[in-house]
Protein chains: 2
Amino acid sequence: MKKEKVLNLLKRKNVKPSVQRMEILNYIVENKNHPSVDEIYSHLNKKIATLSKTTIYNTLKILCKKNILTEILIEEDEVRFDYMEKPHIHFKCKSCNKIYDVFKKCPLINCKKIEGHKIEEYHIYLIGTCKNCYKDD
Amino acid sequence: MKKEKVLNLLKRKNVKPSVQRMEILNYIVENKNHPSVDEIYSHLNKKIATLSKTTIYNTLKILCKKNILTEILIEEDEVRFDYMEKPHIHFKCKSCNKIYDVFKKCPLINCKKIEGHKIEEYHIYLIGTCKNCYKDD
DNA sequence: TTTTAATTTGTAATTATTACAAAATTGAAA
DNA sequence: TTTCAATTTTGTAATAATTACAAATTAAAA
């Protein structure tokens, strides 16, 4: 994603841009496999030597609150993050541990209510073996 | 669930029964709102004064491995557990924090493969406001 | 009973995340 | 440009769920 696009996205959602915020958001948007906080840190640390993990946590929290990102709770021990342009499904491969985006439609996502409960968020997580790992058997 | 049913369930799935294992499994099966480890501990501690949290963690791990329970990753900071007789959806209320089971059918649950990936587990989490909290507005 | 194996327990270690306050940076006003 | 206030970033320390591990207990087998 172009620098300008990230900048505009932040502005549009009322998040004051900064070098750190732009880099963090950009890395998540670019990297499709939903990097962990550690991965984000390791990668960006090369560019921004003074970067702190606390900044990453702070930024991610803001970006979620402003609905730019969504938390993915597919891993047991850490949170992942998702830039969701359109609603989609997540598939985690048990073997290689990658998290794929799947854009198959699910009628559930159009429901506003279910058994009387008002739905505000949809999280669909599938777990199994991805096509790359599967063929190695 | 009757004592004997829990016992048979454990035996059938090749888990050696014990007082602790039966009580833990029974509590999860009986309590429909998916108690946390802390809640399980607090409740069963009254019955089994010597109970240790480590035993609960050990037992839950075994029960998951033997496919008697499934992990629910709907909470950000702790794991919940589910006794899944038939596949269903989970709905978490943001307001009262209860986790409901919803038995509406979703065609996704019949898919064995998606975009070439082999599916082994289905986790569908909806988040919003439940019907009890909603009407208080 | 004696012995062996499995389970339970308590403590200490691990690890992701948060709280907090100092340092650095930004942006506007003078 | 300089000054000053507000915001952001950073590092350290605290928190809390989970796990590792070994001793104690219990159950099963001989």
Side-chain angles (χ1 to χ4, degrees), chain A residues 6-7 10-11 13-28 34-66 68-82 92 97 99, chain B residues 6-7 10-11 13-28 34-66 68-81 97 99:
Chain A
V6 179
L7 186 74
L10 287 173
K11 280 183 180 168
K13 297 277 192 167
N14 286 314
V15 179
K16 212 173 171 186
S18 74
V19 174
Q20 290 86 344
R21 287 173 179 177
M22 286 180 63
E23 289 288 353
I24 292 167
L25 177 53
N26 182 64
Y27 186 60
I28 291 173
H34 306 290
S36 66
V37 171
D38 256 350
E39 285 162 354
I40 298 169
Y41 177 75
S42 305
H43 185 264
L44 293 184
N45 204 27
K46 292 171 198 158
K47 271 191 169 180
I48 310 171
T50 61
L51 186 65
S52 159
K53 250 187 201 170
T54 304
T55 301
I56 298 177
Y57 279 107
N58 288 341
T59 302
L60 293 171
K61 189 169 277 180
I62 291 169
L63 297 179
C64 285
K65 190 176 273 175
K66 299 283 184 174
I68 300 174
L69 299 179
T70 314
E71 285 187 335
I72 305 179
L73 301 178
I74 202 168
E75 294 282 347
E76 289 160 42
D77 52 348
E78 59 186 2
V79 182
R80 301 297 181 107
F81 294 87
D82 190 26
K92 179 174 106 174
N97 250 29
I99 298 169
Chain B
V6 179
L7 186 74
L10 288 172
K11 280 182 179 168
K13 298 276 192 167
N14 286 314
V15 179
K16 212 174 172 186
S18 74
V19 175
Q20 290 86 343
R21 288 173 178 176
M22 286 180 64
E23 288 289 351
I24 292 166
L25 177 54
N26 182 63
Y27 187 60
I28 291 173
H34 306 290
S36 65
V37 171
D38 255 350
E39 285 162 354
I40 298 168
Y41 178 75
S42 305
H43 185 264
L44 293 184
N45 204 28
K46 292 171 197 158
K47 271 191 168 180
I48 310 169
T50 60
L51 186 66
S52 158
K53 251 187 200 171
T54 304
T55 302
I56 298 177
Y57 279 108
N58 287 342
T59 302
L60 293 171
K61 189 170 276 180
I62 292 168
L63 297 179
C64 284
K65 190 177 272 174
K66 299 283 186 173
I68 300 173
L69 298 180
T70 315
E71 286 187 336
I72 306 179
L73 301 177
I74 202 168
E75 295 282 347
E76 289 161 42
D77 52 349
E78 59 186 5
V79 182
R80 301 296 180 106
F81 294 87
N97 249 30
I99 298 169

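Lettering follows sequence order; numbering is per chain, from 1.
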How many whole angstroms separate atom [atom1] of [X] from atom [atom2] of [N]?
X     : N      : atom1 : atom2 : answer
B:L44 : C:dT9  : CG    : P     : 11 Å
B:I40 : D:dT18 : CD1   : P     : 10 Å
A:Y41 : C:dT17 : OH    : P     : 15 Å
A:E78 : C:dT17 : CD    : P     : 6 Å
A:N58 : C:dA16 : CG    : P     : 18 Å
A:F81 : C:dA16 : CZ    : C1'   : 11 Å
A:L60 : C:dA16 : CG    : P     : 15 Å
A:D38 : C:dT17 : CG    : C1'   : 12 Å

> Any idea which of D:dT19, D:dT8, D:dA17 is nearest the A:S18 side chain?
Replying inline: D:dT8
Between [atom1] of [X] and [atom2] of [Y], what distance do you get to the nearest 0.5 Å?
X     : Y     : atom1 : atom2 : result
B:S18 : B:E23 : OG    : CD    : 9.5 Å
A:L10 : A:M22 : CG    : CE    : 7.0 Å
A:I28 : A:L60 : CD1   : CG    : 5.0 Å

> Should B:Q20 be listed as having a side-chain N or O under 4.0 Å from OP1 or OP2 of C:dT9?
Replying inline: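 Affirmative; the distance criterion is met.
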Smallest separation among heavy atoms of [X] and [Y], with atom names:
X     : Y     : value
B:L51 : B:Y41 : O-CE1, 3.4 Å
B:H34 : B:I72 : ND1-CD1, 3.6 Å
A:E39 : A:S36 : OE1-N, 2.9 Å
B:T55 : B:I24 : O-CD1, 4.3 Å

>> Going by side chain to side chain donor-acceptor pair (under 3.5 Å), name the residues that satisfy it together with B:N45, two or more places apart in sequence or in a different chain.
In response: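 Here no residue qualifies.
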> Does B:D77 or A:R21 map to a spot on DNA chain D nearer the 5' end, using the closest nucleotide for each?
Replying inline: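 Closer to the 5' end of DNA chain D: A:R21.
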> Would B:L69 and B:L25 satisfy side-chain contact (heavy atoms from CB on, under 4.5 Å), going step by step from the backbone distance to the final call?
Replying inline: CA-CA 9 Å; B:L69 298 180; B:L25 177 54; 4.0 Å; yes
>> Counting primed atoms plus P, OP1 and OP2 as sugar-phosphate and everything else as base, spell out the protein contacts along nucleotides 25-30 of chain D at 4.0 Å heavy-atom distance: B, S or - for each nucleotide, 5' to 3'.
In response: ---S--
>> I need the residues from residues 48-57 of chain B with at least one non-hydrogen atom less than 4.0 Å from DNA chain C; give them sorted by number, or say none.
In response: B:T50, B:L51, B:S52, B:T54, B:T55
